[in-house]
Student: 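Structure in structure tokens, see below.
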Amino acid sequence: MKDGVFALLISLVMVKADVSVLGGDTAVLECKHKTLTEDALIMITWKASWLHNSHCIYSFWKEKNLEFNNCSSRMGINSTSFRIYNAKVTDEGTYACELITIYGTFINHIILQVFVQPSVTLRLNTDRVPECRAHGGNPAANISWIPAAAHSITTDTTMQSDWTWTVTSKYCATNLSRVELTCVVSHPTFLYPQNKSMNVATSGVHYICGLVMPVTVFIFVLGLLFWQI
Ligand SMILES: *[C@@H]1O[C@H](CO)[C@@H](O)[C@H](O)[C@H]1NC(C)=O
Ligand SMILES: *[C@@H]1O[C@H](CO)[C@@H](O)[C@H](O)[C@H]1NC(C)=O
Ligand SMILES: *[C@@H]1O[C@H](CO)[C@@H](O)[C@H](O)[C@H]1NC(C)=O
Ligand SMILES: *[C@@H]1O[C@H](CO)[C@@H](O)[C@H](O)[C@H]1NC(C)=O
Ligand SMILES: *[C@@H]1O[C@H](CO)[C@@H](O)[C@H](O)[C@H]1NC(C)=O
């Protein structure tokens, strides 16, 4: 018994790993340990700490056949591995597994990422400005344009109710000489960046984003000033 307690104190092994899974798929998180026979197991505890600050615990004490579990019904345990069915972005976080065995305690920290592929659209928006959108992705997509127009692009990233991201990029060039405008969207779920192209008029194209209001107000104030005089 003394030897057992001693072993417990010296062999606290920590392992870190990353697991990524596509939304909707099953994530299998392995509690890594030295080749262990089932009868060496005393107790196993999985603790999930999600990015949105809540957590759940799955704990099994073998000898007493006691179980504590307040994780989602989509989550379950198979031997020492933790399974998450129909993975969602809200499942992202750190999963810690603590394995208490007759040989000692093993602790694993696994960071789970859930990738969701965004849908890409390119269109002229209601202000007649080319607008490229990568809707509902996780993580947020990267949008760039050809031809590049560093100072004429406004990008907006918003989180959806399901914790995915929608990135909207507007091409606000005031002087566009190219016929074809391409929006290039990169995302970890794309093997190659996705491209969407549209034809725009060759000359006299004036896209103004966020300028319409200040200009209108300025003209109005100017008009008011002249009227006063
Ligand atoms: C699960 O139980 C733990 C410990 O009682 C508690 O801190 C945690 O908030 C609970 N999580 C859920 C999702 O109910
Ligand atoms: C549990 O794991 C075993 C082998 O690791 C596998 O064959 C079995 O299908 C799993 N059970 C479930 C319900 O996933
Ligand atoms: C508009 O673009 C053309 C061709 O790139 C260039 O020659 C011209 O000087 C530009 N005009 C302005 C006002 O930037
Ligand atoms: C977006 O670009 C930035 C910098 O160029 C890079 O750090 C990041 O990983 C990219 N994100 C994606 C989803 O490709
Ligand atoms: C889209 O364009 C980028 C940059 O020009 C290129 O790397 C990528 O392969 C293109 N993707 C497809 C699907 O053609």
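In each ligand, atom 1 is the first atom listed, and ligand 1 is the first ligand listed. This structure is a prediction, so every number in the text was calculated from the model and none was measured.
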Student: Tell me, which protein residue and heavy-atom name are nearest atom 13 (C) of ligand 5, and how many Å apart are they?
Tutor: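 Nearest neighbour among protein heavy atoms for atom 13 (C) of ligand 5, to 0.1 Å: Pro193 O, 3.5 Å.
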
Student: I need the atoms of ligand 5 closer than 4.0 Å to a non-hydrogen atom of Asn195, numbered in the order shown.
Tutor: 1 (C), 2 (O), 3 (C), 8 (C), 10 (C), 11 (N), 12 (C), 14 (O)

Student: Describe, in one word, how the ring planes of Phe115 and His187 are oriented to each other, choosing from parallel (under 30°), tilted (30 to 60°) and perpendicular (over 60°).
Tutor: perpendicular

Student: For Val184, is at least one N or O under 3.5 Å away from an N or O on ligand 5?
Tutor: no

Student: Which heavy atom of the protein is the closest neighbour of atom 4 (C) of ligand 1, given with residue, atom name and distance?
Tutor: Ile57 CD1, 4.0 Å

Student: Closest non-hydrogen protein atom to atom 8 (C) of ligand 1, residue and atom name please, with distance?
Tutor: His55 O, 3.6 Å

Student: Looking only at protein heavy atoms, which one is nearest to atom 5 (O) of ligand 5, and what is the separation?
Tutor: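 The closest one turns out to be Ile146 CD1, 4.0 Å.
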
Student: Would you say Trp50 has more than 12 foreign heavy atoms packed within less than 6.0 Å of its CH2?
Tutor: yes

Student: At what distance is the nearest protein heavy atom to atom 1 (C) of ligand 1, and which residue and atom is it?
Tutor: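 Answer, as residue, atom name and distance: Asn70 ND2, 1.4 Å.
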
Student: Heavy-atom count check: over 12 atoms from other residues, nucleotides or ligands less than 6.0 Å from Lys47 NZ?
Tutor: no

Student: Using a 3.5 Å distance criterion without hydrogens, assess whether the side chain of Asn69 forms a donor-acceptor pair with backbone atoms of Tyr58.
Tutor: no

Student: Looking at Cys132 and Val185, what are the two nearest heavy atoms and their distance?
Tutor: SG-CG2, 4.0 Å

Student: Please tell me whether His55 and Ser49 have a donor and an acceptor in their side chains that are separated by less than 3.5 angstrom.
Tutor: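 No, because no side-chain N or O of His55 sits under 3.5 Å from a partner of the opposite role on Ser49.
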
